[in-house]
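Please read all numbers here as calculations on a predicted model, not as lab measurements. All ligand and atom numbering here is 1-based and tracks the order in the structure.
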Amino acid sequence: MILVQDQLKDQSEVRIDIEDRGYQFGDGVYEVVRIYNGQYFGMEEHLIRLERSAREIQMTLPYSIELLKERLEKLAKANDIRDGHVYLQITRGVAERTHQFPLQQAPFLVAYARKSPRPLSKMKDGITAITTEDIRWLRCDIKSLNLLGNVLGKQKAMDTKCDESIFIRNDIVTEGSSTNVYIVKNGEIWTHPANNFILNGITRQVVLDIAKETGITVHEETFTKNELMDADEVIISSTTMEVTPVISIDGTQVSNGEPGKVARTLQEKFNERIAQLQRVKN
Ligand SMILES: *Cc1c(COP(=O)(O)O)cnc(C)c1O
């Protein structure tokens with residue numbers, strides 16, 4: 001079953017109009033929310049961000065956050081998801097193809113839930129990355145369906161048999177193609193400030209909260225490609241990648257090529273947050 005507008009439907013019953021603006025322009029916004037042991041992680045935060053993304057492109061959500069939450073719970077249950085995620089997108093809807101907004105906007109929502117395992121071996125062993133120029137637009141803070149810059153970045157990583165691309169804009173490290181990026185130097189964390197050059201990840205916010213709680217100093221300040229290459233640890237985070245160490249960049253090892261201490265601490269505390277979620281809900 002998938003969610004279409006506010007109804008659960010069989011996927012075979014659903015038709016997407018060729019004049020949907022999501023299809024023609026990538027005119028819409030989306031979210032990915034993790035499900036651990038049958039329960040959503042950070043749903044409220046994701047839906048608040050979805051609402052913000054929509055507002056920033058002058059769209060309004062067709063349903064309240066409360067209604068969305070309730071429907072998404074049903075969606076996860078209907079598909080019997082224990083470990084997985086939900087993908088949710090809202091487009092500006094169907095209209096004759098003109099660039100400007102249609103006079104009557106009818107936002108169109110689709111969501112589906114999938115089983116997906118946690119990336120445990122990558123979290124344990126670390127991943128490899130390349131650096132590549134950040135060719136994206138100047139509103140990376142919006143989780144928009146327009147992902148060509150991200151798609152090309154990720155493909156470039158795959159072409160060089162790496163896991164992720166780390167974007168560089170004017171010598172500054174912004175983020176990964178679908179992840180936020182952190183460096184550790186002398187036990188302190190640096191990550192790009194949450195402005196229009198990055199997507200402020202929900203996982204990023206959890207990581208920063210954990211760091212604060214653990215007494216690790218965080219600098220939400222820009223850092224350069226040289227500082228990235230010279231870091232003691234490099235870490236990425238996202239809903240699907242959780243907190244994962246980067247052990248090599250552009251073929252050069254990060255430190256000794258082993259996941260570092262700060263990464264391990266963050267991972268441990270992140271696991272506690274997941275376990276906590278179960279306790280609160282049950
Ligand atoms: C979604 C996304 C992230 C990570 O955000 P989470 O909320 O942690 O999943 C980071 N960067 C980009 C470009 C993204 O699209």
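- Partners of Y36 according to the ring-ring contact (aromatic ring centres under 6.0 Å, His included) rule, which considers only residues two or more places apart in sequence or in another chain, are F41.
- Under the 4.0 Å criterion applied to side-chain N and carboxylate O atoms, E96 and R21 are not assigned as salt-bridge partners.
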Identify all pairs of nitrogen or oxygen atoms, one from ligand 1 and one from the protein, separated by less than 3.5 Å, and list them with distances.
unit_1: ligand 1; atom_1: 7 (O); unit_2: R49; atom_2: NH1; d: 2.9
unit_1: ligand 1; atom_1: 7 (O); unit_2: R49; atom_2: NH2; d: 2.9
unit_1: ligand 1; atom_1: 7 (O); unit_2: I202; atom_2: N; d: 2.8
unit_1: ligand 1; atom_1: 8 (O); unit_2: I202; atom_2: N; d: 3.4
unit_1: ligand 1; atom_1: 8 (O); unit_2: T203; atom_2: N; d: 3.0
unit_1: ligand 1; atom_1: 8 (O); unit_2: T203; atom_2: OG1; d: 2.6
unit_1: ligand 1; atom_1: 9 (O); unit_2: T239; atom_2: N; d: 2.9
unit_1: ligand 1; atom_1: 9 (O); unit_2: T239; atom_2: OG1; d: 2.6
unit_1: ligand 1; atom_1: 11 (N); unit_2: E175; atom_2: OE1; d: 2.7
unit_1: ligand 1; atom_1: 15 (O); unit_2: K143; atom_2: NZ; d: 2.7

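- By the 4.5 Å side-chain criterion applied to Ile, Leu, Val, Met, Phe, Trp and Tyr, L103 is assigned to no cluster and stands alone.
- Residue pairs meeting the ring pair (Phe, Tyr, Trp, His ring centres under 6.0 Å) criterion with at least one member in residues 175-205, sequence neighbours excluded, are W190-H219.
- With no hydrogens or angles considered, a side-chain donor-acceptor pair links N37 and R82 at under 3.5 Å.
- Enclosure of atom NZ in K122 is not indicated, since only 12 or fewer non-hydrogen atoms of other residues, nucleotides or ligands lie within 6.0 angstrom.
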